[in-house]
Amino acid sequence: MNNLLQTEIETPMRLFLTLFALLIFVSPLSAESALIDVAHYRAEVRFDLAARTVTGDATLTIRNAARGDLSEIPLDLVGMNIASVEVSGQIATYRYDDALLTIELPAVLPAGDTTEIRIRYSGSPGDEGGNFPWGGCHWGSVTYFMGVGFTDLNVSMMRRWLPSNDIPSDKATFDVSFVVPDGPTVAGSGILAEHASSNGESSWRWVEDHPTATYLFTYAISDYAIVEDEWNGIPMQYYVPRADSLRAVQYFSTVGGMMDVFTQRFGAYPFDKVGYCITPIGSMEHQTMISYAAQLFTGLSEAGTTAAHELSHMWWGDWVTCTDFRDAWLNEGFAVFSEMLYAEHLGGRAAYIESVRSTGQTYRISDTRNEGIFPLFDFPRAAPSSNYPSTIYHKGGAVMAMLRDVMGDTAFFDGLRAYGQRHAYGNATTMEFRQDMEDSHGSDLGWFFDEWVIAAGWPEYTVQRVLDDSSTPLRVRIQQTQDQAKYPLFQMPMDLIIIRNAGDTLWKRIDSKAEEMQEFSFPEVTAPEVKNVVLDPWNIVLKRISYRTVGVEDVPAALPQVVLTDLYPHPYSPQRDGALAVRIDIRRDTRVTLCVHDLLGRRVATLHEGDLPAGTHTLHLNGASLAPGVYMLLLNSDAGTQSRQLIVD
């Protein structure tokens with residue numbers, strides 16, 4: 001992460017700090033979602049904080065969503081004692097195995113009809129268990145709920161404190177009163193409709209009238225101060241430790257800028273408030289009340305990338321929720337892409353490009369080493385993957401950036417907003433997202449989704465510049481060398497830079513087909529006047545790439561003997577850093593040109609031009625004359641061309 005972006009605390013387990021919208025997958029111990037549709041939850045949940053127990057009284061309005069009559073209704077509820085069950089005011093019999101509560105209806109419920117089920121229960125809600133429990137109910141100085149589990153077979157965790165049809169596709173409205181001893185404050189999803197105290201207890205009634213997935217309705221109970229603000233008339237509430245209330249004003253002052261960029265890109269904010277509450281672990285995009293990791297709140301001077309990530313989920317994850325956990329990249333990838341948009345908001349195109357590059361690199365180099373290589377859709381959950389592997393975040397975000405590049409900004413963002421409107425307060429699948437983007441693009445995108453979402457892997461390109469002695473047009477061959485037994489051939493439009501001997505550049509857009517070898521000819525420039533070519537110079541496309549020069553007879557060139565290994569500090573500020581250091585490794589004596597080009601292809605600085613002996617060399621640039629922006633660092637030698645983005649603050 002660079003200083004053009006809002007730095008966040010990173011750990012090898014990033015998801016311990018940034019957990020986003022996750023969805024349940026079906027298990028034998030889960031209620032059958034296809035049979036019922038819960039329209040509304042009304043409940044009172046009384047907390048004994050000292051004993052770490054709850055007593056609940058919940059009434060669910062349930063519609064028969066099956067094609068035929070129902071004689072019983074299954075609900076998810078884990079580890080509780082059931083006091084009574086009523087159906088439309090009548091005592092009902094039930095079966096309960098500590099995970100699935102099956103209620104026998106006094107009379108069959110015809111298809112489409114609705115009934116009310118009331119359940120009185122008590123118990124000690126717990127977390128998901130395991131070595132590092134994350135999801136579920138946590139007790140302590142902050143007593144709070146995290147809506148999803150890292151390792152539990154059923155990702156959605158509402159079942160641990162409220163009887164529910166605990167799957168993301170069954171959205172409902174909520175009216176829940178949390179009763180606690182006098183003193184603590186209760187943060188919750190929706191709007192605080194009522195707060196009253198009597199007999200040493202306080203009741204906090206949270207009402208969410210917008211359809212909400214069960215894993216997104218939350219509570220947090222602590223000695224909070226409530227810091228209030230507003231953005232364009234929308235309340236913004238921050239539940240923070242009381243001792244930090246003054247600091248919170250400055251810390252969350254950046255959220256308004258996040259709202260600016262997201263409403264511009266995605267459309268109007270879809271809920272009645274923006275809320276953040278500080279919790280020991282996080283972060284998690286509970287609807288209108290984001291659980292925000294205390295480590296971030298205490299470790300940073302202001303809210304940044306993670307806060308933006310979670311806020312973007314109010315659109316992608318909460319407003320539109322993926323129907324099935326197989327499509328979880330629709331939530332997670334969209335939120336990572338939103339990080340890129342926030343970077344663009346803060347630092348312009350340069351910061352966006354760097355965010356795209358670093359996200360793709362993290363996926364291809366780190367995530368795949370730790371988790372393996374697999375598709376975004378219907379990904380494996382067994383180790384070394386998980387219920388929410390890093391792949392669906394980083395690759396998902398990179399895929400969104402590539403889709404933006406393919407479609408262009410107008411069609412892409414128009415399509416994204418149309419997707420939101422068509423599935424507002426509901427659910428969507430990858431296929432529905434593809435259809436909405438195709439409608440906006442005006443042409444088929446099946447090839448893109450098949451390659452990048454349904455299939456695994458990435459292209460490995462060998463770019464060959466053909467050396468002709470004549471004045472024939474420049475020819476460039478692009479070969480795909482990935483293992484075709486495992487990964488597809490990729491179709492992908494990309495930019496290509498042609499660098500002439502005079503130092504100027506031509507930018508071309510090429511359509512790389514799903515072919516093992518493809519040749520491009522450029523009649524406006526002859527082969528002898530070209531020094532080198534660079535494919536996808538801004539690193540938008542997930543890929544590996546190598547360069548060769550070949551003669552007319554296609555004789556392979558020697559392996560590259562010059563490697564650009566590092567540049568530092570980066571991003572580079574001439575005023576702050578003085579000189580930029582660039583390190584190159586040379587395996588044999590050779591002639592090297594190392595120069596800087598601007599976005600128009602003009603050479604604006606030269607670090608070295610001449611012979612260098614074998615060994616490791618550190619070359620320096622005094623960039624005092626460079627204006628802030630994005631540049632291209634080009635290393636030319638007889639071994640070919642290498643390029644790096646150079647960001648100047």
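Worth knowing before you read on, the calculation uses all heavy atoms, side chains too, and leaves out hydrogens, waters and symmetry mates.
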Peer 1: Do Trp204 and Phe178 have ring centroids that are under 6.0 Å from one another?
Peer 2: no

Peer 1: Counting distance only, does the side-chain N/O of His138 pair as donor-acceptor with the main-chain N or O of Tyr144 below 3.5 Å?
Peer 2: no

Peer 1: Ring-plane angle category for Tyr276 and Tyr292, please: parallel below 30°, perpendicular beyond 60°, tilted otherwise.
Peer 2: perpendicular

Peer 1: Measuring centre to centre across the rings, with the benzene-like ring taken for any Trp, is Tyr251 within less than 6.0 Å of Phe297?
Peer 2: yes

Peer 1: Ring of Phe413, cation from Arg265 - is the NZ or CZ under 6.0 Å from the centre and inside 45° of the axis?
Peer 2: yes

Peer 1: Do Gln250 and Ser253 have side chains that get closer than 4.5 Å, going by heavy atoms?
Peer 2: yes

Peer 1: Where do Thr279 and Ala220 come nearest, in terms of heavy atoms and distance?
Peer 2: CG2-CB, 4.4 Å

Peer 1: Verify the ring-centre separation between Trp315 and Tyr269: is it less than 6.0 angstrom?
Peer 2: yes

Peer 1: Are the side chain of Glu371 and the backbone N or O of Thr391 linked by a donor-acceptor pair below 3.5 Å?
Peer 2: yes

Peer 1: Do Val453 and Pro375 have side chains that approach each other closer than 4.5 Å (heavy atoms only, starting at C-beta)?
Peer 2: no

Peer 1: Report yes if some heavy atom in the side chain of Val207 is under 4.5 Å from a heavy atom in the side chain of Ile191; otherwise report no.
Peer 2: no

Peer 1: Please check if any side-chain donor atom of Glu128 sits under 3.5 Å from a side-chain acceptor atom of Thr151, or the reverse.
Peer 2: yes

Peer 1: Taking side chain as C-beta onward, heavy atoms only, is Ile234 less than 4.5 Å from Phe271?
Peer 2: no

Peer 1: Yes or no on ring-ring contact (aromatic ring centres under 6.0 Å, His included) for Trp447 and Phe490, after CA distance, side-chain angles and deciding distance?
Peer 2: CA-CA 9 Å; Trp447 59 271; Phe490 285 77; 10.0 Å; no

Peer 1: Is Lys273 reaching over with its side chain to a backbone N or O of Thr288, donor-acceptor style, under 3.5 angstrom?
Peer 2: yes

Peer 1: Please determine whether side-chain contact (heavy atoms from CB on, under 4.5 Å) holds for the pair Trp206 and Val176, giving the CA-CA distance in whole Å, both sets of side-chain angles, and the decisive distance to 0.1 Å.
Peer 2: CA-CA 5 Å; Trp206 286 98; Val176 180; 5.6 Å; no

Peer 1: Could you tell me if the side chain of Tyr41 sits less than 4.5 Å from the side chain of Leu162, heavy atoms only?
Peer 2: yes

Peer 1: After noting the C-alpha distance and the side-chain angles of Trp134 and Met146, does the key distance pass the side-chain contact (heavy atoms from CB on, under 4.5 Å) rule?
Peer 2: CA-CA 7 Å; Trp134 200 93; Met146 300 300 284; 3.0 Å; yes

Peer 1: Step through the shown structure and confirm whether more than 12 heavy atoms of other residues, nucleotides or ligands are within 6.0 Å of CD on Glu230.
Peer 2: yes

Peer 1: Test Glu302 against Thr254 for side-chain hydrogen bond (donor to acceptor under 3.5 Å, both in side chains), laying out the working first.
Peer 2: CA-CA 7 Å; Glu302 60 184 20; Thr254 55; 5.5 Å; no

Peer 1: So does Arg63 get a backbone contact from the side chain of Thr114, meaning a donor-acceptor N/O pair under 3.5 Å?
Peer 2: no

Peer 1: Met284 versus Val148: any side-chain heavy-atom pair under 4.5 Å?
Peer 2: yes

Peer 1: Taking Ser358 for its side chain and Ser355 for its backbone only, find out whether a donor-acceptor pair lies under 3.5 Å.
Peer 2: yes

Peer 1: Is any NZ, NE, NH1 or NH2 atom of the basic residue among Glu344 and Arg404 found under 4.0 Å from an Asp or Glu carboxylate oxygen of the other?
Peer 2: yes

Peer 1: Just checking, any donor-acceptor pair under 3.5 angstrom between side chains of Thr430 and Trp329?
Peer 2: yes

Peer 1: Between Thr218 (side chain only) and Phe145 (backbone N and O only), is there a donor and an acceptor less than 3.5 Å apart?
Peer 2: yes

Peer 1: Do Lys171 and Asp37 meet the salt-bridge criterion of a basic N to acidic O distance under 4.0 Å?
Peer 2: no

Peer 1: Answer yes or no: is there a donor N or O on one side and an acceptor on the other, between the side chain of Arg242 and the main chain of Tyr224, under 3.5 Å?
Peer 2: yes

Peer 1: side-chain hydrogen bond (donor to acceptor under 3.5 Å, both in side chains) for Glu438 and Ser443? Distances and angles first, verdict last.
Peer 2: CA-CA 6 Å; Glu438 286 178 340; Ser443 61; over 6 Å; no

Peer 1: Kindly say whether Val541 contributes a backbone atom to a donor-acceptor pair with the side chain of Asp536 at under 3.5 angstrom?
Peer 2: yes

Peer 1: Under a 4.0 Å N-O cut-off, is there an ion pair linking Arg509 with Asp495?
Peer 2: yes

Peer 1: Just say parallel, tilted or perpendicular for the rings of His313 and His309, cut-offs at 30° and 60°.
Peer 2: tilted

Peer 1: Between Phe217 and His286, does the ring centre distance come in under 6.0 Å?
Peer 2: no

Peer 1: Once rounded to the nearest 0.5 Å, what's the spacing between atom CD1 of Ile365 and atom CG of Asn370?
Peer 2: 12.0 Å

Peer 1: May I ask you to decide if Asp175's main-chain N or O and Arg205's side chain share a donor-acceptor pair within less than 3.5 Å?
Peer 2: no

Peer 1: Is there a side-chain contact between His195 and Ser202, using heavy atoms and a 4.5 Å cut-off?
Peer 2: yes

Peer 1: What's the shortest heavy-atom distance between Pro168 and Thr321, and which atoms?
Peer 2: CB-CG2, 4.1 Å

Peer 1: If I take atom SG from residue Cys277 and atom CD1 from residue Ile226, how far apart are they, to the nearest 0.5 angstrom?
Peer 2: 11.0 Å

Peer 1: Run through Asp367, Thr368, Thr359 and flag the one making a side-chain hydrogen bond (donor to acceptor under 3.5 Å, both in side chains) with His394.
Peer 2: Asp367

Peer 1: Just say parallel, tilted or perpendicular for the rings of Phe449 and Phe433, cut-offs at 30° and 60°.
Peer 2: perpendicular

Peer 1: Given His40 and Phe174, is the side-chain contact (heavy atoms from CB on, under 4.5 Å) satisfied, shown in steps?
Peer 2: CA-CA 6 Å; His40 183 65; Phe174 286 83; 5.8 Å; no

Peer 1: For the pair Arg160 and Asp76, find out whether any cationic side-chain nitrogen is under 4.0 Å from an anionic carboxylate oxygen.
Peer 2: no

Peer 1: Against Trp231, only a single residue in Thr263, Val274, Val255 fulfils side-chain contact (heavy atoms from CB on, under 4.5 Å); can you say which?
Peer 2: Thr263

Peer 1: Using every non-hydrogen atom in the two residues, find where Ala401 and Tyr352 come nearest and quote the distance to one decimal.
Peer 2: CB-OH, 3.6 Å

Peer 1: With heavy-atom distances below 4.5 Å as the criterion, would you say the side chains of Tyr238 and Val249 are in contact?
Peer 2: no

Peer 1: Starting from the C-alpha separation in whole Å, work towards a yes-or-no answer on side-chain contact (heavy atoms from CB on, under 4.5 Å) for Ile221 and Val142.
Peer 2: CA-CA 6 Å; Ile221 306 167; Val142 183; over 6 Å; no

Peer 1: Quick one, Asp436 with His423, criterion side-chain hydrogen bond (donor to acceptor under 3.5 Å, both in side chains). Give me CA distance, side-chain angles, the key distance, then yes/no.
Peer 2: CA-CA 10 Å; Asp436 291 337; His423 305 284; 3.1 Å; yes

Peer 1: For the residue pair Arg417 and Gln421, confirm or rule out a side-chain donor-acceptor distance under 3.5 Å.
Peer 2: no

Peer 1: Within 45 degrees of the ring normal and closer than 6.0 Å to the centroid, is that where the cationic atom of Arg247 sits relative to Phe252?
Peer 2: no

Peer 1: Between Thr212 and Gln287, does any side-chain donor sit less than 3.5 Å from a side-chain acceptor?
Peer 2: yes

Peer 1: Output the distance between atom OG1 (Thr173) and atom CZ (Arg42), rounded to the nearest 0.5 Å.
Peer 2: 10.5 Å

Peer 1: Any chance the rings of Phe337 and Trp316 have centres within less than 6.0 Å?
Peer 2: no

Peer 1: Does this structure show an ion pair linking Asp439 with Arg422, if we count only N-O contacts that are shorter than 4.0 Å?
Peer 2: yes

Peer 1: Judged by atom type as modelled, is there a donor-acceptor pair below 3.5 Å linking the side chain of Tyr419 to the main-chain atoms of Val320?
Peer 2: no

Peer 1: Return yes if a side-chain donor-acceptor contact under 3.5 Å exists between Ser156 and Asp166, otherwise no.
Peer 2: yes

